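The block underneath contains the structure these notes are about, expressed in structure tokens.
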Amino acid sequence: MNPSNLYFITAIGTDSGKTLISAIVTEALQADYWKPIQAGFPRDTEKVQTLVSNPVSQFHNEAYLLQHPMSPHAAAHREGVEIDIQALVLPNTHNTLIIEGAGGVLVPVSNQHFVIDIARKFEAEVILVANIYLGSINHTLLTINELKHRNIPVKGIIFNGPANEDSEQFILNYSQYPLLLHVYPEEQITPEVVHSYAQQLRKAFIM
Ligand SMILES: Nc1ncnc2c1ncn2[C@@H]1O[C@H](COP(=O)(O)OP(=O)(O)OP(=O)(O)O)[C@@H](O)[C@H]1O
Ligand SMILES: C[C@H](N)[C@H](N)CCCCCC(=O)O
Ligand SMILES: [Mg+2]
């Protein structure tokens, strides 16, 4: 049984808001969620589960659950684990599946593969989380160049951070990727906040 649609959530780095935005996309599409490679605790899957309120979404177990909060290739090495992207199998679901990466696109999972190779293997469409800070244009364009170089299909960009018209316009013009949503700095991250953004995002998917 294969998922009906596959979206891969990646970002320009770690701590970018991928888990928050995975929860928003999961809620918007009443999709299932999967974090194939988790390095360190708490588990992103637990965070997403607490933030998603629809009755349909299922949350699938990680393929690799590593203890060390570091690059997956390093955590795996320390724990005597060999991460094999080729051996990864999609969770058993007919539903749309949201797959969350780890860190940015060129995070190594082994000496042979990077996180972005997971999106390529499953032919998932990427949703790129682009933070807004001084220096993020460079980080975002480096990520965009890598996605284009690898011919990875991109559904669109979700900005995460304060409004910055200059950065946003340059990035959208350069990439020609659609803008799906802008998530602003929130005092608190709650299921209600997630649901509100999810309702906005649904419009972008319906259009
Ligand atoms: N727009 C926002 N407003 C408030 N807090 C945010 C926002 N975006 C992210 N955060 C917070 O920043 C922290 C890092 O976000 P998150 O865990 O989603 O990053 P990540 O990209 O999933 O990291 P990883 O690469 O480890 O998976 C979390 O505490 C999250 O709640
Ligand atoms: C441990 C952390 N929360 C992420 N899951 C993994 C981030 C790896 C970053 C590697 C790097 O770019 O230096
Ligand atoms: Mg995360």
Side-chain angles (χ1 to χ4, degrees), residues 6-26 33 35-40 44 47-48 51 66 68-76 83 85 98-122 124-187 189 193-194 197 200-201 204:
L6 286 168
Y7 295 107
F8 188 83
I9 312 292
T10 192
I12 64 171
T14 188
D15 267 353
S16 293
K18 291 190 302 296
T19 298
L20 167 58
I21 282 152
S22 295
I24 292 168
V25 181
T26 298
Y33 170 85
K35 172 97 173 186
I37 302 171
Q38 174 71 45
D44 286 352
K47 292 183 202 169
V48 173
L51 292 170
L66 303 165
H68 293 75
M70 55 180 65
S71 178
H73 84 290
I83 296 176
I85 294 269
I98 308 306
I99 307 173
E100 181 182 345
V105 291
L106 287 184
V107 166
V109 297
S110 66
N111 290 332
Q112 292 78 32
H113 291 110
F114 295 102
V115 161
I116 197 59
D117 291 314
I118 301 170
R120 160 64 66 229
K121 170 183 168 66
F122 294 122
E125 251 192 313
V126 155
I127 292 175
L128 174 60
V129 178
N131 304 100
I132 305 276
Y133 53 81
L134 185 60
S136 69
I137 295 174
N138 171 54
H139 296 156
T140 305
L141 268 52
L142 285 167
T143 300
I144 289 165
N145 284 350
E146 190 62 34
L147 290 168
K148 289 181 182 290
H149 170 69
R150 292 170 179 259
N151 293 317
I152 302 278
V154 174
K155 177 74 178 172
I157 288 180
I158 295 181
F159 287 118
N160 185 18
N164 184 318
E165 200 57 32
D166 299 316
S167 296
E168 294 168 45
Q169 276 318 311
F170 191 93
I171 289 165
L172 293 171
N173 293 338
Y174 179 87
S175 66
Q176 291 299 299
Y177 293 156
L179 171 62
L180 298 177
L181 187 69
H182 192 139
V183 177
Y184 294 95
E186 297 289 341
E187 282 299 308
I189 303 295
V193 166
V194 166
Y197 278 115
Q200 288 179 52
L201 181 61

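This structure is a prediction, so every number in the text was calculated from the model and none was measured.
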Counterpart residues, ring pair (Phe, Tyr, Trp, His ring centres under 6.0 Å), relative to Y177 (two or more places apart): none

Got a sec, which pairs hit salt bridge (Lys or Arg N to Asp or Glu O under 4.0 Å) with one end in [range], sequence neighbours left out?
range: residues 126-135; value: none
range: residues 158-172; value: none
range: residues 131-151; value: D117-R150, E146-R150

Output every pair passing side-chain hydrogen bond (donor to acceptor under 3.5 Å, both in side chains) with a member in residues 127-137, not counting sequence neighbours, ordered by first then second residue.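 Found S16-N131, Y133-H139.
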
With sequence neighbours excluded, tell me which residues meet salt bridge (charged side-chain N to carboxylate O under 4.0 Å, His left out) with K121.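 Testing K121 for salt bridge (charged side-chain N to carboxylate O under 4.0 Å, His left out), a comparison that skips the adjacent residues, returns none.
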
Residues that K35 engages under salt bridge (charged side-chain N to carboxylate O under 4.0 Å, His left out), provided they are two or more places apart: D44, E100

Could you tell me which residues satisfy side chain to side chain contact (heavy atoms under 4.5 Å, CB included) with Y174, sequence neighbours excluded, listed by chain and number?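 Checked Y174 against side chain to side chain contact (heavy atoms under 4.5 Å, CB included); matches are L141, I144, N145, F170.
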
Report the residues that fulfil side chain to side chain contact (heavy atoms under 4.5 Å, CB included) with T14, sequence neighbours left out, ordered by chain and then residue number. none

From L66 atom CG to I37 atom CD1, the distance as rounded to the nearest 0.5 Å: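 Answer for the CG-CD1 pair, L66 versus I37, is 7.5 Å.
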
Supply the atom-to-atom distance T140 OG1 to I171 CD1, rounded to the nearest 0.5 angstrom. 4.0 Å

Go through the structure and list residues passing side-chain hydrogen bond (donor to acceptor under 3.5 Å, both in side chains) with S71, not counting sequence neighbours. H73

Give every donor-acceptor pair under 3.5 Å between a side-chain atom in residues 179-186 and any protein atom, sequence neighbours left out.
unit_1, atom_1, unit_2, atom_2, d
H182, NE2, G161, O, 2.6
E186, OE2, Y197, OH, 2.4

